[in-house]
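Down below is the structure, laid out as structure tokens.
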Amino acid sequence: MTIAEHWNPDELRILGKSRKRFEDRALVTGQGRFVADLATPETLHASFVRSPIPHGTLNSVEVGQARSMPGVVAILTGNDLGLPDLAPPLGLDRSDVTRPLLAKDRVRYVGEPIAIVIADSEVTAVDAAGVIWPDIDDLPTAMAWEPDEARVEPRLFTEDNVMTTSLIESDSRVHKELPVSVTVETHSQRVAALAIEGLTVLCEPDPDGRLTVTCGHQAPHRLKAQLASALGIGPDRVRVVVPDVGGAFGLKGVFFTEYAAVCAAAARLNKPVMWLESRREHLTAGTHGRSQTHRVTFHGETSGRIRRARVEIVADVGAYPQGGFLIPSISRFVAGGLYDIEDLTIKMSIAVTNRAPTGPYRGAGRPEAAFAIERAIDSFARKAGLDPAEVRRINFITKESLPYATSTGATYDSGDYEAALAKALELVDVDAVRTEQTRRLKTGLNPLGLGIGAFIERTGGPADSGEFADVELNANGEVVVRTGSTAAGQGHQTVWAQTVAEVFDIDPARVSVVAGDTDEVAEGVGTYGSRSTQAGASAAFRMAIRVREQAREIAAEMLEASPADLILESGAFQVVGVPASAIPLAEVATHGWDNGTSLRHQEIYVPGIQTFPYGVHIAVVEVDLETGLVQIQRMIAVDDCGNVLNPMIVQGQLHGSLVQGIGQALMEEIVYSEDAIPITATMMDYPIPRAVDIPEIISDRLVHPAPSNPLGVKGTGEAGCIGAPPAIVNAALDALAPYDVTELQMPLRANRVWHAIQAARSVAS
């Protein structure tokens, strides 16, 4: 019987319990090993010459002055590398949309790498790159376009700038006129992942010419294949190692051309070469997250029932679509939210512009979709004169309808959306908030607002993708787990150890977890899309059971008993009712290995379907009418991520994602000028939440196990990024509704909100 079939926390010794993370001791005592810590006196350092203009013809790159600087070892341009361009991303049938590792004939955004400088120190490399000035003839920039009349001049590639358009329509159509109609346009602004550790890579040629690449990355086996392809060598000539990683958030799952350029330089020089991304590079050169505009139109009844919806998604993926091309499709996948809308049409358009490329960032497509539909739900409720919570209840997919197949191809698996809303409303104490709202309005104090963000999340990655696990019971009774999931701070080592320890009924400290090394782990898919536990931990769980049952057979032979008569307790097999017969796992394993039985099993486990965690987040905010400052008083978060293997880690994931959601809602934005020059270039221009910006967080959860995997788990790492932004914006609009403010776009910086208040006042007067 699997845990998913019978999840009773009272019967489990290890799983379902909070446990301090094994990973943290080294990190908090300064013993962690990140890429930057691995430099030796022999390590050379790389810096990139980047385009100072957004679009132009690259005539030449003058490197003479830099080449003569002391300490400069080499300077390589795209033509010097002599490597082919990267192919279009999977799913894009455009042979003209290729990307050079270093720009050759044309530059398409500010920050595009043009040349790589290799020097004996990082300072020298940066200084030398700074004196290289490429000769570029300006070309007009492509920044704005409409999906129905796509602007194709200037063309970034030989065909037009529109990469793809698509239309999805539900089978049912509602043609009658409906009394309540609203249209809401939302913009999910460009944001930066801004992990505490930027992009990093160290390439070390081995004596036999093989490359050992150490990189903070989310998918080492994928990076290995991508590097081999880009460099034109066999995959067996590349080893990828992922050390400690200072945050990833989707950014570090992307293949950056800088990685290949560093490796090509290291191979050419036969020397180790390291590149550490600067904050300025990260903010200007990308990849960036979000960058989508949604236009949602609802038609419905005065009762609050929405009958017809049209969602238009317009995505700017920057100058090259390689990293961000698939993200709008994820938005389309969950564009209907938690709602049962009979007639749903979704149009999606994706185009390139002369901004830095986009890519996945925590939430990756789901925050954009949730923000749009949740803003539209509130607008519809206001137009119909109804409570926004009631409109949600009326339109929610019912628990009896689950699993629920959407017109976009998703199958929502399990849950109770109305119960999550009820729990969140209970925790926020709606009556008390409304009473305080009325008091403030009567006394002229700054208004208070309450906003809801109800969301569905698609986790697990593509339904046909799985994860690798290899579980081995050693002769000393210790268990080694090799996993294709690669952590960047999520706590995999602890959770995987707990999962396997539960199977063997041993202390998790006796379980070693090996990850992030393509020589040590035979295969792997990687960590993204909140997929690791449901795919990776489930694979480890399944293989641990297989090894345990093999050990049971050996123990039965040793005890001259039937395997069915044995129990495993505290890491020892014994005949039921005969404690004195107990044989420790170490003895069983030693006997097995000595007699030629390998107590080791591996697989790539494919769940086959995705999971759909969901939640309802509520924000209570105060808006200062004189300054426009929005302050969050408290956040309520009710989530359902299925079974919970370590509540403390789940809570940490929720808090972390909530903070990033708060950052997008209130302050974060990558800004460009009208001619595609990035204005947001330093941390002085890009504020992020500080400790004082974080409100009181009250959280609770429902548990509806996922039917698709043996642990019954769903993803949880991105919930706050999805639920918090619509809740906060809806709360601000709720506060300002008496002052006739009907539209606000993120981020809700004080000046933007102040201007909205003043504009409403001028209209009223």
[X] and [Y]: which non-hydrogen atoms are nearest, and at how many Å?
| X | Y | answer |
| --- | --- | --- |
| Phe325 | Ile350 | O-CD1, 3.6 Å |
| Leu223 | Tyr259 | CD1-CD1, 3.9 Å |
| Val753 | Gly628 | CB-O, 3.3 Å |
| Gly216 | Thr200 | N-OG1, 3.6 Å |
| Ala46 | Val262 | CB-CG2, 4.3 Å |
| Gln660 | Cys721 | CB-SG, 3.7 Å |

- request: Using the ring of Tyr320 (Phe, Tyr or Trp, six-membered ring only), decide whether Arg99 places NZ or CZ under 6.0 Å from its centre and within 45 degrees of its axis.
  value: yes
Can you tell me if [atom1] on [X] sees more than 12 non-hydrogen neighbours from other groups inside 6.0 Å?
| X | atom1 | result |
| --- | --- | --- |
| Asp137 | CG | yes |
| Arg761 | CZ | yes |
| Gln758 | CD | yes |
| Leu167 | CG | yes |

Using modelled atom types only, decide if a donor and an acceptor are shared between the side chain of [X] and the backbone of [Y] within a distance under 3.5 Å.
| X | Y | answer |
| --- | --- | --- |
| Asn161 | Leu156 | yes |
| Arg690 | Asp693 | no |
| Asn730 | Ile452 | yes |
| Gln218 | Lys252 | yes |
| Gln745 | Glu185 | yes |
| Arg310 | Val296 | no |
| Tyr109 | His55 | no |
| Gln322 | Ala87 | yes |
| Thr408 | Phe333 | yes |
| Ser762 | Ala759 | yes |

Close side-chain approach of [X] and [Y], heavy atoms under 4.5 Å:
| X | Y | result |
| --- | --- | --- |
| Leu625 | Pro447 | yes |
| Pro726 | Val729 | no |
| Leu251 | Leu199 | yes |
| Phe48 | Leu102 | yes |
| Val107 | Ile114 | yes |
| Tyr686 | Leu194 | yes |
| His45 | Val273 | no |

Under a 4.0 Å N-O cut-off, is there an ion pair linking [X] with [Y]?
| X | Y | result |
| --- | --- | --- |
| Lys347 | Glu312 | no |
| Arg458 | Glu718 | no |
| Arg190 | Glu669 | no |

Measuring from atom [atom1] of [X] to atom [atom2] of [Y], what distance do you get when rounded to the nearest 0.5 angstrom?
| X | Y | atom1 | atom2 | result |
| --- | --- | --- | --- | --- |
| Leu76 | Asn79 | CG | CG | 11.5 Å |
| Arg222 | Phe255 | CZ | CZ | 11.0 Å |
| Glu457 | Ile722 | CD | CD1 | 3.5 Å |
| Ser379 | Arg382 | OG | CZ | 7.0 Å |
| Thr164 | Met348 | OG1 | CE | 5.5 Å |
| Ile632 | Leu666 | CD1 | CG | 4.5 Å |

task: Evaluate the criterion side-chain contact (heavy atoms from CB on, under 4.5 Å) for residue pair Val35 and Val201; output intermediate values, then yes/no.
output: CA-CA 7 Å; Val35 171; Val201 64; 5.9 Å; no
task: Begin with the C-alpha distance, continue with both residues' side-chain angles, and end with the deciding distance and a verdict on side-chain contact (heavy atoms from CB on, under 4.5 Å) for Ser51 and Val110.
output: CA-CA 5 Å; Ser51 174; Val110 171; 5.6 Å; no
- prompt: Yes or no on side chain to side chain donor-acceptor pair (under 3.5 Å) for Thr186 and His294, after CA distance, side-chain angles and deciding distance?
  reply: CA-CA 5 Å; Thr186 63; His294 290 225; 5.2 Å; no
message: According to ring-ring contact (aromatic ring centres under 6.0 Å, His included), does anything in residues 737-758 pair up with another residue at least two apart or in another chain? List the pairs.
response: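 Listed once each, the pairs would be none.
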- prompt: Without hydrogens or angle criteria, can the side chains of Arg366 and Ser331 be said to hold a donor-acceptor pair below 3.5 Å?
  reply: no
message: Applying side chain to side chain donor-acceptor pair (under 3.5 Å) to Gln189 and Arg290, what does each step give before you reach the verdict?
response: CA-CA 6 Å; Gln189 76 275 25; Arg290 313 296 187 244; over 6 Å; no
Within residues 349-360 or reaching into it, pairs that qualify as salt bridge (charged side-chain N to carboxylate O under 4.0 Å, His left out) - sequence neighbours excluded: Asp316-Arg355
Derivation and outcome, side-chain contact (heavy atoms from CB on, under 4.5 Å), residues Gln292 and Val314: CA-CA 6 Å; Gln292 289 186 27; Val314 177; over 6 Å; no
field: Pair Arg50-Glu258, salt bridge (charged side-chain N to carboxylate O under 4.0 Å, His left out): steps then yes or no
entry: CA-CA 11 Å; Arg50 298 182 180 275; Glu258 287 90 341; 3.0 Å; yes
- request: Tell me, with the steps shown, if Val317 and Val352 meet side-chain contact (heavy atoms from CB on, under 4.5 Å).
  value: CA-CA 5 Å; Val317 297; Val352 291; 4.0 Å; yes
- request: Apply salt bridge (charged side-chain N to carboxylate O under 4.0 Å, His left out) to Asp80 and Lys104, showing your working.
  value: CA-CA 10 Å; Asp80 294 328; Lys104 298 173 185 175; over 6 Å; no
- prompt: Do Thr287 and Thr358 pass the side chain to side chain donor-acceptor pair (under 3.5 Å) test, and can you show the C-alpha distance, the side-chain angles, and the key distance before you say yes or no?
  reply: CA-CA 5 Å; Thr287 60; Thr358 63; over 6 Å; no
message: List the residues meeting side chain to side chain donor-acceptor pair (under 3.5 Å) with Thr257, not counting sequence neighbours, and say none if there are none.
response: none
query: Using the benzene-type ring in the case of Trp, are the ring centres of His617 and Phe455 under 6.0 Å apart?
result: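 Ring-ring flag for His617/Phe455: true, centres closer than 6.0 Å.
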Verdict with supporting geometry, Asp685 and Thr682, side chain to side chain donor-acceptor pair (under 3.5 Å): CA-CA 5 Å; Asp685 312 309; Thr682 72; 3.1 Å; yes
